[in-house]
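Here is the structure we will look at.
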2 protein chains.
Amino acid sequence: MVITFGLAQKLKSAGYKLTPSRLAIVEVLESHSEHLCHNQILENGQKIYPHLSRATVYRTMELLVELHLMRPLYLNDPTQRFVSAAGGHHHLICSNCGATFEFDHCTIDQLAFDLSVKYHFQINNHLLEFQGLCEACQ
Amino acid sequence: MVITFGLAQKLKSAGYKLTPSRLAIVEVLESHSEHLCHNQILENGQKIYPHLSRATVYRTMELLVELHLMRPLYLNDPTQRFVSAAGGHHHLICSNCGATFEFDHCTIDQLAFDLSVKYHFQINNHLLEFQGLCEACQ
DNA sequence: GCTCTAAATGAGATTATTTCTCAATAAGTA
DNA sequence: TACTTATTGAGAAATAATCTCATTTAGAGC
């Protein structure tokens, strides 16, 4: 049910305590494939651990971003959302209805390599978003 | 000096009035290649038109996004920024210092085409961000 | 150029979001 | 089990975003 990608272990091995708040947040992140915003993380986290506070959600997300475990992201509204920082992210975003599709086929590894050489930049992950119109909105 | 990409004309032909506020905002957007946030647009816009108000900046940016002339974007902090929606955007973002580099070499047109066929999605533009470490931070 | 009208504006109020503070709590170590 | 220090919750404070409404003005028509 929960597709863990090991955030808890990574927090722990980075020297952070595994508190109920953090475990609740991590469980929410790992059990939702959508791109969650702070509010959604708080609301879902409180289902697991009712005492969870907003401040802790902000603090924990800040921590996870700092550790490069999650990354912030905009979709079609001005709300900050989060996705796993592991691997690349690939979205098709409809400019009209805001629908977001993910695709896994991604062939930019060669480009990544070329850029890393050209700019002496160590590339760890990427975000590729195509914007346009989905079938329904065309 | 000003590399116009014709925002004013596009606003006009979409039926919107060309007010001093809007012209100031558009001039700021067209003369800065960086990714500006609301505050920066306001401050720079007030140098051109001192009466420019914050509300008008928010309203105008919302309008430009709605018309798909600009697009909102996150970089390394929680501030909403804007880039031209025309063409693709390509960034190398350093996870450590937040430095952002742009690159123009972009070879994902074939991928875009494949995806448009596979998902019946009409692709208008794209955003490609690589995250990692810049030379100085490695 | 002048008049008219609806769109647009500015200023500040309101609301929402994010960050901060600090006393209380509890995770993990010994 | 006790201790230490990181972490927390609750609300205050700060910041950001939105809304309201009286006033102004761009642009169309004359």
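Residue numbers start from 1 in every chain, and the chains themselves are labelled A, B, ... in the order their sequence lines are given, proteins ahead of strands. Quantities reported herein were computed from a predicted structural model and do not represent experimental measurements. Just so it is clear, the values below take in all heavy atoms, side chains as well, and ignore hydrogens, waters and symmetry mates.
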task: Report the distance from atom CZ of F82(B) to atom C1' of dA16(D), rounded to the nearest whole Å.
output: 12 Å
field: Value rounded to 0.5 Å, distance of CG in L52(B) from NZ in K47(B)
entry: 12.5 Å
message: Does any part of the side chain of V65(B), heavy atoms only, come nearer than 4.5 Å to the side chain of E62(B), both counted from C-beta?
response: no
Considering all heavy atoms, the nearest A24(A)-G45(A) contact: CB-O, 3.9 Å
field: Interatomic distance where NE2 belongs to H38(B) and C1' belongs to dT18(C) [whole Å]
entry: 16 Å
message: Run the ring pair (Phe, Tyr, Trp, His ring centres under 6.0 Å) test against Y16(A) and tell me which residues pass, sequence neighbours left out.
response: none
query: Quick one: L42(A) CG to dT19(C) P, roughly how many Å, whole number?
result: 15 Å
Provide a list of protein-nucleic acid N or O atom pairs under 3.5 angstrom, restricted to nucleotides 26-28 of chain C.
residue : atom : partner : partner atom : Å
dA27(C) : N3   : K17(A)  : NZ           : 3.1
dG28(C) : OP1  : L18(A)  : N            : 3.0

- request: Name the residue closer to the 5' end of DNA chain C, choosing between R59(A) and N39(A) according to the nucleotide with the nearest heavy atom.
  value: N39(A)
Got a list of protein N/O to nucleotides 1-3 of chain C N/O distances below 3.5 Å?
none

query: Is there side-chain contact between L11(B) and L67(B), with heavy atoms separated by less than 4.5 Å?
result: yes
query: Hey, does V28(B) have a side-chain heavy atom less than 4.5 Å from the side chain of Q40(B)?
result: no
statement: Rounded to whole Å, CG of L63(B) lies from P of dT18(D) at a distance of 14 Å
Atom-pair distance (NE2 on H51(B); P on dA26(D)), nearest Å: 12 Å
field: Separation of atom CD in Q40(B) from atom C1' in dT15(D), rounded to whole Å
entry: 16 Å
- prompt: Could you state the CD-P distance from E66(B) to dT18(D), rounded to the nearest angstrom?
  reply: 12 Å
field: Overall bend - the helix from dG1(C)-dC30(D) to dA30(C)-dT1(D), comparing terminal axes fitted on five pairs, nearest 10 degrees
entry: 50°
- request: Among dT17(C), dA11(C), dT7(D), find the nucleotide with the atom closest to the side chain of R22(A).
  value: dT7(D)
field: Any S21(B) side-chain nitrogen or oxygen under 4.0 Å from OP1 or OP2 of dA8(C)
entry: no
message: Quick check for you: among dG10(C), dC22(C), dG11(D), whose closest atom lies nearest to any side-chain atom of S53(B)?
response: dG10(C)
message: Nearest 0.5 Å, please: how far is CD1 in I41(A) from OG1 in T56(A)?
response: 12.5 Å
- line: Contacts of R54(B) meeting side chain to side chain donor-acceptor pair (under 3.5 Å) (sequence neighbours excluded), chain-then-number -> N39(B)
task: Classify the angle between the aromatic ring planes of H38(A) and F82(A) as parallel (below 30°), tilted (30 to 60°) or perpendicular (above 60°).
output: perpendicular
query: What integer distance in Å separates L52(B):CG from dT24(D):P?
result: 18 Å
- prompt: Is there a side-chain polar atom (N or O) of T56(B) under 4.0 Å from OP1 or OP2 of dG10(C)?
  reply: yes
task: Confirm from the modelled atom types if R54(A) and dG11(D) form a donor-acceptor pair under 3.5 Å, side chain to base only.
output: no
- prompt: What residues, two or more places apart in sequence or in another chain, satisfy side chain to side chain donor-acceptor pair (under 3.5 Å) together with K12(B)?
  reply: none
query: Should the heavy atoms of other residues, nucleotides or ligands under 6.0 Å from NE2 of H51(B) be counted, would the total exceed 12?
result: no
- prompt: Looking at the side chain of Y58(A), which of dT19(C), dG10(C), dT18(D) is the nearest nucleotide?
  reply: dT19(C)
